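If you're wondering where the values come from, they're calculated on a predicted model, not measured in any experiment.
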Amino acid sequence: MSLLPKQNFRFNREIPLPEGLINGQALGAVSGMKFGLSNMGRSGCEVIAIYNSLLLHRRPVPFLEIARYMERFRVFFGFWGANFLFLGHCLKHYGLRSKRVRAPQKVMDALMNRKTVVYVYWVKKRFRSSVHTVVLQMSRDDLCVYNAYNQCGNVLHIQAENYLCNRKMIFGYIIEQESEKI
């Protein structure tokens, strides 16, 4: 492990760890944790998505451990978060198998079949804006979006079609089933 992840780990150990799901990455103590040369409030949505996915599948892993592991996948020293091409690998590392898809209809089908989806999309214009990563699950009548955006401190409940149609999807990682714990 290089010097920066070690320094970040030592710094992050002093911050109170979250209990339960994380929503609103710019809110609370987690926002001040370091990731690369940035912080979780600005660049931690991928780490939060992996953490929330594991909790939703009853496979809790300390947030600090996930952040430390995902430092190896940071982009541009962490200013652009973690590389979303490796999210499936991160899920597998912690015992969840997933399938990466690019079609919004496949994401919708998976949600209707009560599967969890780690969803990566462009915030504004393709290739000219930042990306955001959230976790999606269907409840009885609506879509639950975990860590919907920086200042939303609770789970966002919205109609699934509206949410998926209004976002320019990059990838969806459909969590298929649990795999052997590594």
| field | Closest non-hydrogen atom pair, L85 against R100 | value | O-NH1, 3.3 Å

| Are the side chain of N8 and the backbone of G36 linked by a donor-acceptor contact shorter than 3.5 Å? | yes

| query | Are more than 12 heavy atoms from other residues, nucleotides or ligands located less than 6.0 Å from atom OH of Y69? | reply | yes

| said: On a heavy-atom basis, which atom in V117 and which in G172 lie closest, and how many Å separate them? | reply: CG1-CA, 4.1 Å

| query | Looking only at atom types and distance, does a side-chain atom of N23 sit under 3.5 Å from a main-chain N or O of C152, one as donor and one as acceptor? | reply | no

| task | Could you tell me whether the side chain of F171 reaches within less than 4.5 Å of the side chain of R102, counting heavy atoms only? | result | yes

| Same cluster (ILVMFWY, side-chain, under 4.5 Å), I48 and Y149 | no

| message | Checking N147 now: which residues fulfil side chain to side chain donor-acceptor pair (under 3.5 Å) with it, not counting sequence neighbours? | response | Q25

| Test ring pair (Phe, Tyr, Trp, His ring centres under 6.0 Å) applied to Y173 - qualifying residues, sequence neighbours left out | none

| task | Answer whether the closest heavy-atom distance between the side chains of I15 and V30 falls below 4.5 Å. | result | no

| query | How far apart are the closest heavy atoms of M40 and A67, and which atoms are they? | reply | CE-CB, 3.6 Å

| field | Side-chain donor/acceptor of N12 to backbone N/O of K34, under 3.5 Å | value | yes

| note | side chain to side chain contact (heavy atoms under 4.5 Å, CB included) with Y51: of I66, L56, V61, L64, only one passes, and it is I66

| remark: Rounding to 0.5 Å, atoms CD (E176) and OG1 (T116) come to a distance of 11.0 Å

| task | Quick one: list whatever passes ring pair (Phe, Tyr, Trp, His ring centres under 6.0 Å) with H89, sequence neighbours left out. | result | F73

| query | Are any of the side-chain heavy atoms of V118 and S98 separated by less than 4.5 Å? | reply | no

| said: Hydrophobic cluster membership, with links at side-chain heavy-atom distances under 4.5 Å among I/L/V/M/F/W/Y: are F11 and F9 in one? | reply: yes

| query | Does F35 offer a backbone N or O that forms a donor-acceptor pair with the side chain of S38 under 3.5 Å? | reply | no

| query | Could you state the interatomic distance from CG (L91) to CD1 (I50), rounded to the nearest 0.5 Å? | reply | 3.5 Å

| Minimum side-chain heavy-atom gap E65-Y94 below 4.5 Å | yes

| request: Measure the spacing between OH of Y121 and CE of M169 and express it to the nearest 0.5 Å. | output: 13.0 Å

| said: How long is the straight-line distance from OH of Y146 back to CG of L156, given to the nearest 0.5 Å? | reply: 11.0 Å

| said: Minimum heavy-atom separation for C90 and M70, please, with both atom names. | reply: SG-CG, 3.9 Å

| request: Begin with the C-alpha distance, continue with both residues' side-chain angles, and end with the deciding distance and a verdict on side-chain contact (heavy atoms from CB on, under 4.5 Å) for L164 and L136. | output: CA-CA 10 Å; L164 295 176; L136 307 176; 4.1 Å; yes

| request: Compute whether any side-chain donor of one residue and acceptor of the other, for H157 and S139, lie under 3.5 angstrom apart. | output: no

| Just wondering, do M112 and D109 contact through their side chains at under 4.5 Å, heavy atoms? | no

| query | Looking at L143 and L111, what are the two nearest heavy atoms and their distance? | reply | CD1-CD1, 3.7 Å

| task | Determine the minimum heavy-atom distance between V155 and C144, stating which atoms define it. | result | CG1-CB, 3.7 Å

| field | Reported CG-to-NE2 distance for the pair L96 and H93, which is rounded to 0.5 angstrom | value | 12.0 Å

| Does CG in D141 sit with more than 12 non-hydrogen atoms of other residues, nucleotides or ligands closer than 6.0 Å? | no

| query | So, do E46 and F86 sit near enough that their side-chain heavy atoms are less than 4.5 Å apart? | reply | no

| How about M33 and L17: do any of their side-chain heavy atoms sit closer than 4.5 Å? | yes

| said: Nearest 0.5 Å, please: how far is CD1 in I174 from NZ in K115? | reply: 7.5 Å

| query | Got a sec: does the CZ of R114 have more than 12 other heavy atoms crowding it under 6.0 Å? | reply | yes

